[in-house]
Amino acid sequence: MEPLIRDISDTARWVAVYRARESERPDAVFRDPYAQALAGERGEQIANALPLAQENAWAWTTRTYLFDRYVSQQVAAGADLVVNLAAGLDARPYRMDLPVALRWVEVDLPGILDYKEQVLAGVSPRCALERVRLDLTNVDARRGLFGRLAREAQRIVVLSEGLLIYLMADAVSALARDLAAFPSVCHWVVDILSPGLLRMLQEQMGDLVKQAGAPYLFAPAEGPAFFEACGWTPVTVSSMLKTARKLNRLPVFLRMLAMLPESHGPQGSRPWAAVCLLARR
């Protein structure tokens, strides 16, 4: 019997379903008119088979909203190149209000980018879009790419939405140092979670993603401070729970929890997730 989630690309189809559902709401916090087509029948099958994930759709909505906000802020501040690592089925170059002169580079595996190009074949991006088919675990190849892009731009912002959780801590450190090696790479937007939330996800959905060869791995005990040893300073840390409360996306049982004061520093066993803006030192 075929597993529900066959590979890492299926997770991109699955998450696209929640972007599509948010876009259908009259009070949507973002609109992604391409998400439904990108999710396809496969994405709907996965989402419908995971009622627990549907209860937590607010998390994917909130993460998308926060990444959108950071992109808008960085572009307004003068970023001339956005590099989206493990871009998956993200459609920001098509759906966001972006300057025509902005360059956007998507990096991901050939299969997912080929599929994305096929679905979006009749649509034009709003900025200059380049797709790079590359396995980010190929260290020499990614360093070569980062070096080329660093020579071609003055102010780069890097996105890694939903990527780091699948990497070991040493691999995250190596990626962080590779990016920090280039002065024109100014900012990096990441999402991270606490060890407590990682354990919850592993218990609830760990077997599914393991079967797909993409187990949940990264949840630094230090929190955002993890990146300081790799050449990055956390500038802004946006709690997913707090943001979801402001967006009125939380289920009832989490609303009271979200009203508690936010604790700072390592979160330990507390279920916690955030989107962080990092600045290169």
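Salt bridge Asp178/Arg143: present, at least one basic N to carboxylate O contact under 4.0 Å. A salt bridge does not link Glu203 to Arg199: none of the charged nitrogens lies less than 4.0 Å from a carboxylate oxygen. Between Asp27 and Arg249, at least one side-chain N (NZ, or NE/NH1/NH2) sits under 4.0 Å from a carboxylate O, which counts as a salt bridge. The pair Arg42-Asp10 meets the salt-bridge criterion, since a charged nitrogen lies less than 4.0 angstrom from a carboxylate oxygen. Between Asp68 and Arg92, at least one side-chain N (NZ, or NE/NH1/NH2) sits under 4.0 Å from a carboxylate O, which counts as a salt bridge. For the pair Asp114 and Arg133, the salt-bridge criterion is met [side-chain N within less than 4.0 Å of a carboxylate O]. The pair Arg19-Glu161 fails the salt-bridge criterion, with no side-chain N (NZ, NE, NH1 or NH2) lying under 4.0 Å from an Asp/Glu carboxylate O. Checked for salt-bridge contact, Glu44 and Arg21 meet the test: a charged N lies under 4.0 Å from a carboxylate O.
Seen from the ring of Tyr115, Arg13 counts as a face-on cation partner, given the 6.0 Å and 45° thresholds.
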Original post:
Between Tyr70 and Ser238, is a side chain to side chain donor-acceptor pair (under 3.5 Å) present by the stated rule, with each step listed?
Top reply: CA-CA 10 Å; Tyr70 281 126; Ser238 300; 2.7 Å; yes
Fill in: Working for side-chain contact (heavy atoms from CB on, under 4.5 Å), residues Asp108 and Leu134
CA-CA 6 Å; Asp108 213 324; Leu134 184 148; over 6 Å; no
List the steps and the verdict of side chain to side chain donor-acceptor pair (under 3.5 Å) for Ser160 and Trp188. CA-CA 8 Å; Ser160 56; Trp188 185 18; 3.0 Å; yes
Pair Ser72-Met96, side-chain contact (heavy atoms from CB on, under 4.5 Å): steps then yes or no
CA-CA 9 Å; Ser72 295; Met96 289 187 69; 3.3 Å; yes
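The line from OG1 of Thr62 to CE of Met240 is 6.0 Å long, rounded to the nearest 0.5 Å. Atom-to-atom distance recorded for Cys186:SG and Arg155:CZ is 5.0 Å, nearest 0.5 angstrom. Once rounded to the nearest 0.5 Å, the distance linking CZ of Phe227 with OG of Ser173 reads 8.5 Å. One finds the CZ atom of Arg103 at 14.5 Å from the CG atom of Leu98 (value rounded to the nearest 0.5 Å). The NE2 atom of His187 sits 9.0 Å away from atom CG of Leu278, with the distance rounded to the nearest 0.5 Å. The structure places CD1 of Ile156 at 9.0 Å from CG of Leu179, a figure rounded to the nearest 0.5 Å.
For Phe218 and Phe226, the ring centers are positioned less than 6.0 Å apart. Between Trp58 and Tyr18, the gap from one ring centroid to the other reaches at least 6.0 Å. The aromatic ring centroids of Tyr166 and Tyr216 lie less than 6.0 Å from each other.
Across every non-hydrogen atom of Ala225 and Pro234, the tightest pair is N-CG, 4.4 Å. Nearest heavy atom pair, residue Arg31 against residue Pro26, reads NH2-O, 3.4 Å. Closest approach of Leu167 to Leu217, counting heavy atoms only: O-CB, 3.5 Å. Looking at every heavy atom in both residues, Ala39 comes nearest to Val17 through CB-CG2, 3.7 Å.
The hydrophobic clustering, which links ILVMFWY residues whose side-chain heavy atoms are closer than 4.5 Å, places Ile46 and Leu201 together.
In this structure a side-chain-to-backbone donor-acceptor pair under 3.5 Å is present from Arg151 to Gly147.
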